[in-house]
Visitor: 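Before we start, here is the structure in question, set down as structure tokens.
For the numbers below, each heavy atom of this structure counts, side chains included, while hydrogens, waters and symmetry mates do not. Every chain is numbered from 1 and lettered A, B, ... according to where its sequence line falls, protein lines coming before strand lines.
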Amino acid sequence: MLDYNELTVPEATLLQRELQEKVMLAPYKGPLNYIAGADISFNKFSTTVYAGIVLLKFPSLIPVGYSLVKKEVHFPYVPGFLAFREVPALLDAWEQLPLKPDILVVDGHGIAHPRRMGIASHFGVLAQQATIGSAKKKLYGVYEEPGPEKGSVSLLTDRKGQVLGNVLRSKTNVKPIFVSPGHLVDVPDSLRILRQCIQKYRLPEPTRLAHNAVNQFRLGAIPEGWTGMS
DNA sequence: GCGACAG
DNA sequence: ATCTTGTCGC
């Protein structure tokens with residue numbers, strides 16, 4: 001693939017506009033027996049990133065395996081261009097997965113992005129994979145604060161009213177999370193599916209477990225590569 | 001010019 | 001994102 005490390009922000013913007021035309025949003029029809037979560041971890045000031053994807057059975061959400069990879073990145077973190085830092089490493093982890101999930105939940109936004117091209121959409125188009133973005137903070141859009149009760153939701157839209165995703169109160173009296181479709185899924189289904197991934201914590205199991213995995217990996221508690229669980 | 005600003 | 005202890009509230 002193209003080397004993102006040498007791209008300038010203007011060039012990255014052009015690429016986002018090109019890839020954006022390939023994003024497909026539609027109700028999710030396929031099967032849903034496996035779901036996965038993707039995340040990245042790194043040491044502050046370091047150019048080494050630790051990427052990981054955790055595969056879980058659905059709807060039990062029991063983890064069945066994970067893929068972990070280490071990679072060098074030079075593209076800086078620039079709001080709106082997160083994909084250029086994390087997607088390359090995530091694709092490496094993706095290729096190592098013996099079994100691809102039906103849906104991949106990415107830590108970050110999908111179309112809830114200035115150019116509708118958040119990391120979940122970016123990854124989805126490149127991997128031709130159905131993806132959902134689950135973020136802890138807003139990047140773009142406007143919304144009304146959902147009720148304090150677990151399960152409350154409100155729409156996230158652009159200033160013209162176009163729907164970008166949902167703001168979901170996954171736990172009572174806890175900050176909400178932002179859910180948006182990445183690729184090959186639509187807004188209603190991305191929310192419906194993500195809701196089924198909430199168990200005991202604020203964050204959905206797929207990305208929560210992926211986050212734990214990449215952190216342990218970075219700290220040397222887990223070896224690189226693919227490992228089935230059971 | 002002033003805020004906002006995924007990870 | 002990461003670092004980092006205690007503290008407040010359900």
Side-chain angles (χ1 to χ4, degrees), chain A residues 4-5 9 12-13 16 19-20 23 37-54 68-91 93 104-124 131-143 145 147-152 156-159 164-183 190 194 200-204 206-221:
Chain A
Y4 287 173
N5 289 322
V9 167
T13 302
Q16 288 184 326
L19 295 177
Q20 199 288 316
V23 173
D39 193 21
I40 293 280
S41 177
F42 58 87
N43 289 309
K44 201 174 182 178
F45 305 131
S46 169
T47 56
T48 302
V49 296
Y50 302 80
I53 295 179
V54 173
L68 299 170
V69 303
K70 189 172 137 178
K71 196 181 183 74
E72 289 300 303
V73 291
H74 294 101
F75 196 96
Y77 168 67
V78 181
F81 299 87
L82 176 64
F84 294 88
R85 254 183 84 68
E86 309 195 342
V87 161
L90 287 180
L91 282 174
L104 175 69
V105 181
V106 181
D107 188 21
H109 293 94
I111 62 169
H113 176 282
R115 291 168 293 286
R116 312 295 187 268
M117 213 43 208
I119 187 170
S121 298
H122 195 126
F123 184 97
T131 60
I132 293 174
S134 174
K136 298 176 288 299
K137 301 178 191 171
K138 182 192 75 170
L139 165 66
Y140 179 79
V142 295
Y143 67 95
E145 193 69 21
E149 202 61 16
K150 165 184 50 176
S152 296
L156 176 64
T157 73
D158 64 12
R159 285 173 298 183
L164 302 175
N166 283 283
V167 184
L168 169 67
R169 187 81 66 183
S170 54
K171 303 297 292 184
T172 298
N173 292 325
V174 169
K175 288 162 56 66
I177 58 178
F178 301 77
V179 185
S180 59
H183 186 48
S190 58
L194 193 123
K200 192 183 180 194
Y201 304 88
R202 176 200 177 208
L203 304 180
T207 51
R208 190 180 73 79
L209 294 181
H211 186 269
N212 289 341
V214 292
N215 260 332
Q216 292 186 51
F217 174 38
R218 175 174 59 84
L219 298 175

Visitor: Tell me, what's DNA chain B's dot-bracket, Watson-Crick or G-U with both distances under 3.5 Å, | for other-strand, [ ] crossing?
Guide: .......
Visitor: Got a donor-acceptor contact below 3.5 angstrom from the His109(A) side chain to the Ser121(A) backbone?
Guide: no
Visitor: I'd like to know if the side chain of His113(A) and the backbone of Tyr140(A) have a donor-acceptor N/O pair within less than 3.5 Å.
Guide: no
Visitor: Given 3.5 Å as the limit, does a donor-acceptor pair link the side chain of Gln16(A) with the main chain of Gly80(A), or not?
Guide: yes
Visitor: As an exercise, state the distance from CD1 of Ile177(A) to CG of Leu194(A), rounded to the nearest 0.5 Å.
Guide: 5.0 Å
Visitor: Can you tell me if Asp107(A) uses its side chain to pair, donor with acceptor, with the backbone of Asp39(A) under 3.5 Å?
Guide: no
Visitor: Show your working on side-chain hydrogen bond (donor to acceptor under 3.5 Å, both in side chains) between Asn215(A) and Ser41(A) and close with a plain yes or no.
Guide: CA-CA 6 Å; Asn215(A) 260 332; Ser41(A) 177; 3.0 Å; yes
Visitor: Could you state the CZ-C1' distance from Arg208(A) to dA1(C), rounded to the nearest angstrom?
Guide: 19 Å
Visitor: Apply side chain to side chain donor-acceptor pair (under 3.5 Å) to Lys171(A) and list each qualifying residue two or more places apart in sequence or on a separate chain.
Guide: none
Visitor: Closer than 3.5 angstrom, by distance alone: can the side chain of Arg169(A) be matched with the main-chain N or O of Ser152(A) as a donor-acceptor pair?
Guide: no
Visitor: Nucleotide by nucleotide, 5' to 3', does protein get under 4.0 Å of the base (B), only the sugar-phosphate (S), or neither (-) in nucleotides 5-10 of chain C, counting heavy atoms?
Guide: ------
Visitor: Please check if the side chain of Arg85(A) supplies one atom and the backbone of Pro76(A) the other of a donor-acceptor pair under 3.5 Å.
Guide: no
Visitor: Could you tell me whether the side chain of Thr172(A) and the main chain of Lys150(A) form a donor-acceptor pair under 3.5 Å?
Guide: yes
Visitor: Is DNA chain C part of any stem, that is, at least 3 consecutive Watson-Crick or G-U pairs with both distances under 3.5 Å, and where?
Guide: none
Visitor: Return the orientation label for the Phe75(A) and Phe81(A) ring planes: parallel under 30°, perpendicular over 60°, tilted otherwise.
Guide: tilted
Visitor: Using a 4.0 Å cut-off on heavy atoms, which residues in residues 209-219 of chain A reach DNA chain C? List them by number, or say none.
Guide: His211(A), Asn215(A), Arg218(A)
Visitor: Would you call the rings of Tyr143(A) and Phe178(A) parallel, tilted or perpendicular, taking 30° and 60° as the class edges?
Guide: perpendicular
Visitor: Rounded to the nearest 0.5 Å, what's the gap from NZ on Lys71(A) to OG1 on Thr48(A)? Could you check?
Guide: 11.5 Å
Visitor: Under 3.5 Å, is there a donor-acceptor pair between the side chain of Arg202(A) and the main chain of Pro176(A)?
Guide: yes
Visitor: Could you run down nucleotides 2-7 of chain B 5' to 3' and tag each one B, S or - for protein heavy-atom contact under 4.0 Å?
Guide: ---SBB
Visitor: Pick base, sugar-phosphate or nothing for Ser41(A), based on heavy-atom distances below 4.0 Å to the nucleic acid.
Guide: sugar-phosphate
Visitor: Of the non-hydrogen atoms in Val106(A) and Thr207(A), which two are nearest, and what is the gap between them?
Guide: C-CG2, 4.0 Å
